[in-house]
Amino acid sequence: MGKHIEKIVFIVCGVCTLLLVLKIGPKVIGFVRLLVEKPTLSYYEMTEREREFLKEESDYQEEDAKRYDEGMLYSSEIKEVKWVRQLYADLEERYPGYQFRITWKTHTGLFGPLGYYVYYLEEEITGREFNAYVYYDNQGDYDYEEDYFYGYFVEEEYAEYIGELLKEKGVEKIVRTGGVMSTVMGKECDSTITVEEIVNGNIDLEKISPVVHIYLIAKGMSEEECKKYSREVQNVLEEINLAGSYGIYCCDMTQEEIISSEREDMVWVYVRHCQSWNWGKEEEE
């Protein structure tokens, strides 16, 4: 009986070992091949923007920077440039007239792709910083991208729209609103995006999940008074029932001071945070 059990254990171990080899073997072999095979350099025409990306990726190593200036690249670097070129093309198609510069890029793990890379970008006309996700297919080729630069064209207008709805329902102390949209979206969101498209359901509002800031004048009000009024504002937001996260800020300032101040310089008596899909829970500070 003991030998029979040993035989079964031996077979099971053998099968597990075989499965493990089949699973990671090709990746290990590919990695070893990269280490053993000597890569070759090829000339590849690049723009200055693409060349700067490679330099930043290599932390401006002198030898690499010289190669890039001469246009001499390894195959992996050529692939990097092609991806960058495609990303720029996708962004410029969605946002014509704007100029983008990649400042950094995250890398996936060694033995298994995560499905996408994150590129950190700056739009040079507006100075706005944002992220783009580039997804790749099973062959590791560029598939499609998503980003949240679209928010630049609609987030403040959407926040103003929410403010007007609140005023129509009797909220009188609103002095200012602000908005942020930082969920990556695909080609359904571009520079032509409008508040009407979002409100009418042409674009998935729950997926975008906008953040709306509502600034209330609370000069001379106590914290308890601010809590009560903020709760009334939240009740109206519940009636409006538009998905998103909301910050209600009671400012111990005059109307003119609220309008002219930067957000970090505002004096708050009370702040309430709430979310449209979970009205029962609030985080107060």
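Residue numbers count from 1 along this sequence.
- Proximity of a side-chain donor or acceptor of Thr106 to a complementary backbone N or O of Val118 within less than 3.5 Å is detected.
- Residue pairs meeting the salt bridge (Lys or Arg N to Asp or Glu O under 4.0 Å) criterion with at least one member in residues 135-148, sequence neighbours excluded, are Arg94-Glu145, Arg94-Asp147.
- Taking Arg49 as the reference, Thr47, Tyr88, Glu92 meet the side chain to side chain contact (heavy atoms under 4.5 Å, CB included) condition, with sequence neighbours excluded.
- Phe130 meets the ring-ring contact (aromatic ring centres under 6.0 Å, His included) test with Phe100, Phe149; sequence neighbours excluded.
- Side-chain contact check for Glu57 versus Glu77: every heavy-atom pair is 4.5 Å or farther apart.
- Under the rule for a ring-ring contact (aromatic ring centres under 6.0 Å, His included), the partners of Tyr215 that lie at least two apart in sequence or sit in another chain are Tyr249.
- Here the side chains of Ile248 and Leu237 are in contact, with some heavy-atom distance below 4.5 Å.
- Using a 4.5 Å heavy-atom threshold, the side chains of Pro96 and Ser191 count as touching.
- Note: Arg272 CZ to Tyr270 OH = 3.5 Å, rounded to the nearest 0.5 Å.
- Residue Val211 shares its hydrophobic cluster (ILVMFWY side chains chained together at separations under 4.5 Å) with Val180.
- Seen from the ring of Tyr117, Lys105 counts as a face-on cation partner, given the 6.0 Å and 45° thresholds.
- Inter-residue side-chain proximity for Lys66 and Glu70 is flagged as met; some heavy-atom pair is nearer than 4.5 Å.
- No side-chain heavy atom of Asp64 sits under 4.5 Å from any side-chain heavy atom of Lys55.
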Please output the side-chain donor-acceptor pairs of residues 195-203 that fall under 3.5 Å, not counting sequence neighbours, one pair per line with the distance.
| from | atom 1 | to | atom 2 | distance (Å) |
| --- | --- | --- | --- | --- |
| Glu197 | OE1 | Thr194 | N | 3.1 |
| Asn200 | ND2 | Glu196 | O | 3.1 |

